[in-house]
Amino acid sequence: MNEILDAILAPDTTSADFAALPLPESYRAVTVHKDEAEMFDGLTTREKDPRKSLHLDDVPVPELGPGEALVAVMASSVNYNSVWTSIFEPVSTFAFLERYGKLSPLTKRHDLPYHVIGSDLAGVVLRTGPGVNAWHPGDEVVAHCLSVELESADGHNDTMLDPEQRIWGFETNFGGLAEIALVKSNQLMPKPKHLSWEEAAAPGLVNSTAYRQLVSGNGAGMKQGDNVLIWGASGGLGSYATQFALAGGANPICVVSSPQKAEICRAMGAEAIIDRTAEDYRFWKDEHTQDPKEWKRFGKRIRELTGGEDIDIVFEHPGRETFGASVYVTRKGGTITTCASTSGYMHEYDNRYLWMSLKRIIGSHFANYREAWEANRLIAKGKIHPTLSKTYSLEETGQAAYDVHRNLHQGKVGVLALAPGEGMGVRDEETRAQHIDAINRFRNI
Ligand SMILES: NC(=O)c1ccc[n+]([C@@H]2O[C@H](COP(=O)([O-])OP(=O)(O)OC[C@H]3O[C@@H](n4cnc5c(N)ncnc54)[C@H](OP(=O)(O)O)[C@@H]3O)[C@@H](O)[C@H]2O)c1
């Protein structure tokens, strides 16, 4: 592995040099273990501790198949799916790996007693499999997490609709929280040159998801002037949704839970901010009963911030706790777009407010190939910036996932894999200098 790292750090390593580097037999990877999938049985979600279930193991380098690439991972990031994996909720990810393993002799490789997790990476291509022509050893890349087979016509217009659609590093093995990752070559995209490895790895999954959910015609199709209610506006998804709203001429109404998080939203350029803790919204009276009076109080507050207007688009992901309020505060003809249910997936809302006011609920999930490419392009052009607040080592991934699970983090949390330190891998200092304040916005809290 040292030889690989030396080659990456040296300024003059050629593609042929990279291709000639011997691959190690094993690499260090963050895993969960199949024989521990029941370890948290009987505990509440909050009590389940990722530090206990995430391991750093030496695992064999997987065999490279057609259309695939092995990538030396310089940095990765923690996504909420790493939290779900580590607490084995809502199901153990080994069920995904077993199912994938049944598809073909090639996918059988994924069905192992350990799961290498992680759905983001920035790094360097080491090897490409047969049929890969666009990428070469030595290319500096990021990878999006859409894994598809595309053998069915269902996914030919929108690759997210492929019946064999999976999230790499969550529903497949050999993910990015490791020194080496296995990806399909169509997941690869150029690494934004003005960013360090850990900054380039941070936006991937959440940036692409927010792009489809909010901007793309497959999601809410946001337009200039729209009032966009963004839950968790300084969190992983929300910090990109807020930037998309601002960059697209919309008006974000940012919901956060502390003055510190409100300050970050202000630093991004948002003006309308609701601190849900300070204003103490209680949308549920008890576990089974919502309180429409609280929806109304929330709607009134939104009107105060918008000069009397209601919400065109709700960027939803908290789920059960907020969904009733989200449907209520949306304007006639408006859209609630949802990609998650962090607080519970059995949503409850008053359907009269939906049908009588001709509102739409749109389900959204990650992003198709093209949307992921567009989202990365905006990062590379310096129109949207990483929201990295803190970086951990591979050994500390359990702690990083714990912080995200407990909502102790801001924006995105990075993980250094092979990169020996932060700030390395920048190839375009001039562009970086233009955007340095925005790049560091989440660091300075
Ligand atoms: N379908 C997909 O493709 C996809 C992609 C990415 C993420 N997701 C899912 O989306 C969810 C959020 O992901 P993320 O990366 O943005 O996580 P995150 O970084 O933890 O941010 C989520 C934010 O939502 C807010 N929040 C959490 N619980 C809430 C509640 N009960 N009521 C109101 N606000 C609440 C919190 O902000 P405040 O405390 O400041 O309000 C939190 O910071 C996760 O469930 C994740 O699995 C889905």
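In each ligand, atom 1 is the first atom listed, and ligand 1 is the first ligand listed.
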Do any nitrogen or oxygen atoms of [X] lie less than 3.5 angstrom from nitrogen or oxygen atoms of ligand 1?
X	value
Ser343	no
His409	yes
Ser257	yes
Ser341	no

**OP:** Assess Arg276 against Tyr281: is NZ or CZ under 6.0 Å from the centre of the six-membered ring, and within 45 degrees of the ring's axis?
**Re:**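 That pair does not qualify as a cation-pi contact.
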
**OP:** Answer yes or no for Lys191 and Trp197: cation-pi contact, defined as NZ/CZ to six-membered ring centre under 6.0 Å and angle to ring axis within 45°.
**Re:**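 Ring-cation test returns yes.
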
**OP:** Step through the shown structure and confirm whether more than 12 heavy atoms of other residues, nucleotides or ligands are within 6.0 Å of CG on Asn157.
**Re:**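 No, the 6.0 Å shell around CG holds no more than 12 heavy atoms from other groups.
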
Original post:
Do other residues, nucleotides or ligands put more than 12 heavy atoms under 6.0 Å from the CZ atom of Arg303?
Top reply: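 At most 12 heavy atoms, drawn from other residues, nucleotides or ligands, come within 6.0 Å of this atom.
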
Do [X] and [Y] come close enough that some side-chain heavy atom pair is under 4.5 Å?
X	Y	result
Val228	Asp312	no
Val142	Asn376	yes
Arg320	Trp284	yes
Arg109	Leu182	yes

Original post:
What distance separates Gln243 CD from Asn207 CG, expressed to the nearest 0.5 Å?
Top reply: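 The CD atom of Gln243 sits 8.0 Å away from the CG atom of Asn207.
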
Original post:
Out of curiosity, Arg301 CZ to Asp275 CG, how far, rounded to the nearest 0.5 Å?
Top reply: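 Atom-to-atom, Arg301:CZ and Asp275:CG are 9.5 Å apart.
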
Starting from [atom], which protein heavy atom do you reach first, and at what distance in Å?
atom	value
atom 24 (O) of ligand 1	His317 CE1, 3.3 Å
atom 4 (C) of ligand 1	Thr209 CG2, 3.8 Å
atom 37 (O) of ligand 1	Gly232 CA, 3.4 Å
atom 17 (O) of ligand 1	Tyr80 CD1, 3.5 Å
atom 3 (O) of ligand 1	Phe366 N, 2.7 Å
atom 7 (C) of ligand 1	Leu237 CD1, 3.7 Å
atom 9 (C) of ligand 1	Ala340 CB, 3.2 Å
atom 27 (C) of ligand 1	Arg276 NH2, 4.2 Å

Residue part near ligand 1, for [X], under 4.0 Å between non-hydrogen atoms:
X	answer
Leu205	side chain
Thr322	side chain
Pro318	side chain
Val206	side chain
Glu321	side chain

Give the atom numbers and elements of ligand 1 that come within less than 4.0 Å of a heavy atom of [X].
X	answer
Gly235	19 (O), 21 (O)
Thr342	11 (C), 12 (C), 44 (C), 45 (O)
Val256	40 (O), 41 (O)
Gly236	15 (O), 16 (O), 18 (P), 19 (O), 21 (O)

Subject >> Closest contact, heavy atoms only, Gln213 versus Ser364 >> reply: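 What the structure gives for the nearest pair is CA-OG, 3.4 Å.
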
**OP:** Check whether any heavy atom of Asn407 sits under 4.0 Å from an atom of ligand 1.
**Re:**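 The answer is yes, since Asn407 has a heavy atom less than 4.0 Å from ligand 1.
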
Original post:
Do the rings of Tyr353 and Trp295 sit parallel, tilted or perpendicular, given the 30° and 60° boundaries?
Top reply: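 Aromatic pair Tyr353/Trp295 classed perpendicular.
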
Original post:
Between Glu294 and Lys296, does a salt bridge (charged side-chain N to carboxylate O under 4.0 Å, His left out) hold up when you go through it step by step?
Top reply: CA-CA 5 Å; Glu294 283 292 271; Lys296 285 180 188 156; over 6 Å; no

